[in-house]
Structures are given as structure tokens and as C-alpha cells.
There are 2 protein chains.
Amino acid sequence: MNIGDVATRSGLPAKTIRYYEDIGLIKPRRSENGYRHFAESDLHKLAFLGRARALGFTIEDCRTLMALYEDESRASADVKQLAQEHLDKISAKIADLQAMHGTLSELVQCCAGDNRPDCPILRDLSQPADDARD
Amino acid sequence: MNIGDVATRSGLPAKTIRYYEDIGLIKPRRSENGYRHFAESDLHKLAFLGRARALGFTIEDCRTLMALYEDESRASADVKQLAQEHLDKISAKIADLQAMHGTLSELVQCCAGDNRPDCPILRDLSQPADDARD
DNA sequence: TCTTGACCTTCCCCTGACTGGAACCTCCAT
DNA sequence: ATGGAGGTTCCAGTCAGGGGAAGGTCAAGA
């Protein structure tokens, strides 16, 4: 297969596939004309990468996951630990975003949203931190 | 005030403050020795920026918010709209992360996490998309 | 045979919002 | 005079690619 075929079949842009080769995640062979030539196993790896990325794993995590996947004598504990750490990061991000959402939605609700200049959102932003407001 | 003072008082790193000047968010005067000289109004702006950034607004949003803040004849509707759009993006991100979290935590729960190689996480990643699994 | 258009190649710059570091300058206290 | 803590500019790197230029290759049609 050429890169366009694997792009279609993996759902990844050709640019991304070239990038993954660049950073050593895949190693497709080359045809005589210089074109990348992908085997089914390359496609399989790309699909694996696409799914890991869709779950939010970093590229470096993906590299580790691929290595574990190819290591027949891996311990599932290693995979689980990596996934658990990632899960914790996701949880932390969700918590951050929910805090932002909470604060901001309060402010938005308080804002009249008319053509007058008075605005609680700007008032809050311009105010000193309200950690200890009495 | 020199940059170190405003860094301390605003809670922003000096590097960030220089960056904000670079991209035109603030315009501190200069002393004769070439040092930046910050007025109280600069500090106020930096605090405003810090709070807006903490709520997840992009730099460009911050630029707009500052302009609105300084425009006495603004309409609060403009501020509210900007904030609402940002809120929607936050909600979308939370939803994405929660979807990842849901999938991944299921997989983690299914994984024994022992020293055997069998691992449902890797199995799922290596499998074709399960959109229509029966 | 020639040409057209789709596909492929490498290369370099761009993104956001900073951060790190090098090389150098200035101020103040000792 | 000197040492150290501040300040300055500029360059490069982060992450995961995306955009686009300049050019090589291939298959089909005139």
C-alpha cells in the first residue's frame, strides 16, 4: 500500500503518518521509486496508534504502549499502571475545567447581556482575588 | 516598580510579563537604564490578564476582554457572548475528556494488573473500532 | 508520444503560550 | 573593586502535527 491507502484505511492524515515515521513509531519499507510501502502490520500499528491517541495518550505513552504490545513477556501491571496514571491526569484536567466552568457560568448568569456597559464578568476579572473576600 | 516587583505582586513569572509586552498586551514605560518601569495600572492589567487566563481564556480572548474593559461604552452583551462561547468550548472539552475517562477506566478495571502478559487494554487498542460490535 | 492530473517526496515554517538558557548590562552593598 | 542580585535581548525548545512550496513518479487519455 502507498501512504494514501493507509491514510484512508487508518483514518490518519498522510502528514501524521509521515510524522510517525519521522519520530520512529513506524518503519515502513520503501519501494524502488522512493515511495513508502506499507505492509498490513504497519497499518495495524497505525490503527493502534490512532486509538491510543484518541484515548488521549501522549506520543511517548504510545511508544511505550507499542513496545509493551510487542513484548510477549510483558506484565499487564505495567500497562495498567501507565493507563492508570493517564486516567489520573484526565481526572485532574476534568476537575480543572469543571472549576473554570463553575466560576465562569456563575458570572455569565449574572451578566445582563444587554447594551449597557455594566458587566459582572469584567468586574470580577478586574477585582483582586476573592479567596478571602469578607 | 521593576519587573520582579510586578511578578511578585501579580503572581505571574517575569518571563510571562515580558511575553505579554512582546505581544502588545501591556506597554510599560522604560527607565533611563533600559529597565521596564511598571505603573499601578500595568499591575492592574497584569492581574486582569492572570485571572482571565486562569479561567481558560485564550490570549486573543484576553486582548478582546481588555479592550472591552477599557471601552466605557461597551455593551455587556459582547462580554457575555465571548464568555458564553468560551464556556461552550470548556463544556465540549469536559465531554471529550469524560468520554476518554469512561472508556479507559472500564479497560483499566478489566486489567488484572499482574505479571502475566494478558491485557484487555492492549487487546482493545489493537482491535478494529468497536462502534458496531455485537 | 505527449500531456495532464493525481499521487508521492523532502523541506521548512507555523501554531499557543510560554519556558530555559546564554550572553551581557546595571545597581547596590560591602 | 568586587560580588551577587537583579535587569536586558535573543535564540531555541516544547507538543503533535498542519500548510504549502518545489519537484519526482505513475497511469490514463489524446
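So that the names make sense, note that chain A is the first sequence line, chain B the second, and so on, each numbered from 1.
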(request) Determine, for A:Arg18 against A:Glu21, whether the closest basic-nitrogen to carboxylate-oxygen distance falls under 4.0 angstrom. (result) no
(request) Can you tell me the distance, in whole Å, between the CG atom of B:Asp5 and the P atom of D:dA5? (result) 16 Å
(message) What contact category does A:Arg18 fall into here, base, sugar-phosphate, or nothing, at under 4.0 angstrom with non-hydrogen atoms?
(response) base
(request) Specify the separation, in whole Å, of atom CG of A:Leu12 and atom P of D:dA16. (result) 14 Å
(request) Select base, sugar-phosphate, or nothing to describe what B:Ile3 touches, counting heavy atoms under 4.0 Å on all strands. (result) sugar-phosphate
(message) What is the separation between atom CZ on A:Phe57 and atom P on D:dA16, rounded to the nearest whole Å?
(response) 13 Å
(message) Here's a test of your reading of the structure: between B:Asn33 and A:Glu32, which maps to the more 5' nucleotide of DNA chain D?
(response) B:Asn33
(request) Would you kindly say whether A:Ser126 and B:His44 are connected by a side-chain donor-acceptor distance under 3.5 Å? (result) no
(message) For C:dC18 and B:Tyr20 - does any side-chain N or O of the residue sit under 4.0 Å from the phosphate oxygens OP1/OP2?
(response) yes
(message) For a quick check, tell me whether the side chain of A:Tyr35 and the base of D:dG24 share a donor-acceptor pair closer than 3.5 Å.
(response) yes
(request) Using atom CZ of A:Arg36 as one end and atom P of C:dC7 as the other, report the distance to the nearest whole Å. (result) 16 Å
(message) With a 4.0 Å cut-off on N to O distance, would you call B:Lys45 and B:Glu70 a salt bridge?
(response) yes
(message) Check the phosphate of C:dA17 against B:Thr16, side-chain N and O only, distance under 4.0 Å to OP1 or OP2. Yes or no?
(response) no
(message) Whether B:Thr58 contacts C:dG16 is assessed here as follows: a side-chain N or O lying under 4.0 Å from the phosphate OP1 or OP2. Is that the case?
(response) no
(message) When you measure from the side-chain N and O atoms of B:Arg30 to the phosphate of D:dG7, is any distance below 4.0 Å, counting only OP1 and OP2?
(response) no
(request) Return the value, rounded to whole Å, for the distance between atom CG of B:Asp22 and atom P of D:dT8. (result) 12 Å
(message) Tell me the interatomic distance from A:Ile23, atom CD1, to D:dC15, atom P, rounded to whole angstroms.
(response) 10 Å
(request) Round to the nearest Å and state the distance from B:Leu55 atom CG to C:dA17 atom P. (result) 14 Å
(request) Would you mind reading off the distance between A:Tyr19 atom OH and C:dC8 atom P, rounded to a whole angstrom? (result) 21 Å
(request) Measure from the side-chain heavy atoms of A:Pro13 and tell me the nearest of D:dA16, D:dG7, D:dG18. (result) D:dG18
(request) Return the nearest nucleotide to the side chain of B:Lys15; candidates are C:dG21, D:dG19, D:dA16. (result) C:dG21
(message) Any salt bridge linking A:Asp118 with A:Arg123? Criterion: basic side-chain nitrogen under 4.0 Å from a carboxylate oxygen.
(response) yes
(request) Could you tell me whether the phosphate oxygens of D:dA16, OP1 or OP2, come under 4.0 Å of any side-chain nitrogen or oxygen in A:Arg63? (result) no
(request) Using a cut-off of 6.0 Å, state whether more than 12 heavy atoms not belonging to A:Arg29 lie near its atom CZ. (result) no
